[in-house]
Amino acid sequence: MTESKKTRTGILLALIAIPIFIGALDLTVVSAVLPHVILDLEIPLQTGLDDAAWIVTGYLLAYTISMTFMGRLSDLYGRRRVYLIALGVFAFGSYLVAVADTFPTQIALRIAYQFTSGRLDVSYITLYALIAARMIQAFGAGTMVPVGMALVGDIFPEGKRAQPLGMIAAVDMAGWVVGHLYGGIVVRFFAWRIIFWLNLPICLIAFLLIWYLMRNAPQERSAGGMDWLGAALISIALTLLNIGLSGNSESESASGLPQYALPVIFAAFFFLILFLWRQRKTRYPLLDLSLFKRQNYPAASLANFLIGFSLFVAIANVPLFINSLVATNLEQGAWDSGWMLSALTIPLALASVPGGWLSEKFGYRAPAAFGLILAVFGFSLMKNWVIGTSYFTMASHLVLCGVGIGLTMSPIATAVVNAAPPDQRGVSSALVIIFRLMGMTVGVSSITTYGLLRANALSEAALSAAPSLNETIRVGMEVTQQVISETFLIAGGVAALALIPTLFLKSDSQTKEVKNEHDYE
């Protein structure tokens, strides 16, 4: 490869990676700015927090859904074209988020008044417009990850793809690792909307340069067709699952669950079964189910799902603890939350490097299991946080948890990729990300629901005697502290469950035997 060609491919790699980084950044940036959003929109905490959680959940949902089928679409219609469309969708969604309280709210109000004659709460309509904008933004961001990896495969020759593909994966993780910190820094000095305005010029420059520099790049396309029915089924299943897990304080049943929860969750599993049936029957499936017959696929997928669940409980609860019980104002809360979460996420990213080295030396099982034991210990310490807990103590617990989860990343991902057939490594890499994101999505939905229901129950019991205002404030802080402690305990329990599938991971030598058996068949 000539020097000029190396420079050109390096520029293209950077242009592909930067929007992926920004899209991943926006996945977690809201964890730091959500209190500002709730305040600006004047959303009542007791009745509107469950809906506001969809600002986070909706992004995760759309991000995950887009990964399930947009990679296949790019194989059929051209990766450069689909990547540029995804970049445009992400930029358009960012713009809608920044202006959600203006014309998107007016359009939503006009539509809503077609179906109701009552007076509508404008703050709630703005919230729903913001959620819709976030989901549009996330659909573009999620698409860019697998399609960007495929573009790297087009640009680099076969023997030189490992390093740039690793860079794309690292950039994606780095984005959501530092999103909370980025959000905390921005809102300390600017309005939260500036985060989304900044996306626009970066996306425009990347769009124009990729369109121009890749105009002559090879555009190989796969034979066959797109399984649109399969894409619809998996999208419906994931959406229903999130709706079922997202509580509504105004529609609780006698059991404490939302009245619609169980029927919607059952419907989600019904559509998931339909999707799996469709993948077995269709000629061109979105997901080749035979992959899960190969060694390490089922165990690694389940472990990744459970780890994603635990991880996002920590990412969501640390800002909640600081903003509710420590910080004296929202600016301090966003700033402190961002830096404190770095004690979790930076060690997590750094520990993925020795995790890969340890998996090469000792196999997949030992470093992943050791990491999960560290994470469980970290969560068990975090459940003891109280109002007077120092930031130093909190940071030490978060570092322990972050290192533990970080040690699991490389062994689990490598176990899947090494077990994959050569022509299925791209799909396998996407599955690693998808199962982790699905765990994060279910985690934030279910923990938010649990927290709201548990807080309501504890508050009603403690405030039944109609105490004074000071007593009400004291009880509210105690309830918040107890609920957060319980959710950290749940996260530790889920991380402990992840140990079970991790123990079924096989080493390279055992995996090669299974692969040879499949090849022989």
Side-chain angles (χ1 to χ4, degrees), residues 19 21-45 48-63 90-106 108 121-138 140-141 175-203 312 315-324 326-342 345 444 448:
F21 174 78
I22 296 172
L25 196 75
D26 281 10
L27 193 155
T28 54
V29 71
V30 172
S31 64
V33 305
L34 188 58
H36 289 259
V37 175
I38 292 174
L39 180 65
D40 284 354
L41 299 181
E42 300 178 349
I43 299 169
L45 287 178
L49 190 57
D50 47 354
D51 291 328
W54 272 90
I55 298 174
V56 178
T57 306
Y59 195 98
L60 276 168
L61 175 62
Y63 197 88
F90 174 73
F92 180 62
S94 299
Y95 167 71
L96 291 178
V97 172
V99 300
D101 57 342
T102 59
F103 77 87
T105 297
Q106 296 303 316
D121 189 327
V122 176
S123 65
Y124 274 89
I125 297 299
T126 300
L127 172 61
Y128 300 144
L130 180 62
I131 292 170
R134 284 276 294 169
M135 295 184 74
I136 292 170
Q137 183 191 28
W176 61 264
V177 161
V178 302
H180 53 271
L181 178 59
Y182 170 59
I185 292 172
V186 170
V187 298
R188 185 172 179 85
F189 301 104
F190 306 101
W192 61 268
R193 291 175 179 82
I194 196 67
I195 292 171
F196 304 99
W197 283 118
L198 288 174
N199 292 347
L200 302 185
I202 297 173
C203 290
F312 213 79
I315 290 175
N317 270 359
V318 171
L320 179 61
F321 183 90
I322 291 175
N323 279 280
S324 301
V326 180
T328 57
N329 55 66
L330 289 176
E331 286 72 19
Q332 180 194 350
W335 179 261
D336 292 356
S337 296
W339 286 107
M340 191 54 56
L341 271 177
S342 298
T345 53
V444 70
T448 299

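Nothing here was measured: the structure is a model prediction, and the numbers come from that model.
Classification of the Y95-F103 ring pair by plane angle, with boundaries at 30° and 60°, yields tilted. The aromatic rings of Y63 and Y59 lie parallel to each other, with less than 30° between the two planes, well short of the 60° mark.
Under the 4.5 Å side-chain criterion, counting only non-hydrogen atoms from C-beta, P19 is not in contact with I202. Contact annotation: the side chain of F90 approaches that of C203 to within less than 4.5 Å [non-hydrogen atoms, C-beta and beyond]. The shortest distance between side-chain heavy atoms of M340 and F321 does not fall below 4.5 Å. Contact annotation: the side chain of L61 approaches that of W54 to within less than 4.5 Å [non-hydrogen atoms, C-beta and beyond].
Listed here is the closest heavy atom pair of L96 and A133: CB-CB, 3.5 Å. Taking each heavy atom of S94 and L200 in turn, the nearest pair found is CB-CD2, 4.2 Å. Closest of all the heavy-atom pairs between A129 and A100 is CB-O, 4.1 Å. Looking at every heavy atom in both residues, G93 comes nearest to I136 through CA-CG2, 3.9 Å.
Separating the OG1 atom in T126 from the CD1 atom in I131 is a distance of 11.0 Å, to the nearest 0.5 Å. Rounding to the nearest 0.5 angstrom, the gap separating the CG atom in L130 from the CE atom in M135 is 12.0 Å. Atom CZ of F196 sits about 10.5 Å away from atom CG of L198, to the nearest 0.5 Å. Note that CZ of F312 is 10.5 Å distant from CG of N317, once rounded to the nearest 0.5 Å.
Screening T105, L127, D101 for a side chain to side chain contact (heavy atoms under 4.5 Å, CB included) with V122, the sole residue that qualifies is T105.
Summarising the local packing, CH2 of W197 is surrounded by more than 12 heavy atoms from other residues, nucleotides or ligands at distances under 6.0 Å.
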Practice prompt. With side chain to side chain contact (heavy atoms under 4.5 Å, CB included) as the test, would you mind laying out the steps for I195 and Y182 before giving the verdict?
Written response: CA-CA 9 Å; I195 292 171; Y182 170 59; 3.8 Å; yes
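In this structure a side-chain-to-backbone donor-acceptor pair under 3.5 Å is missing from R134 to A62.
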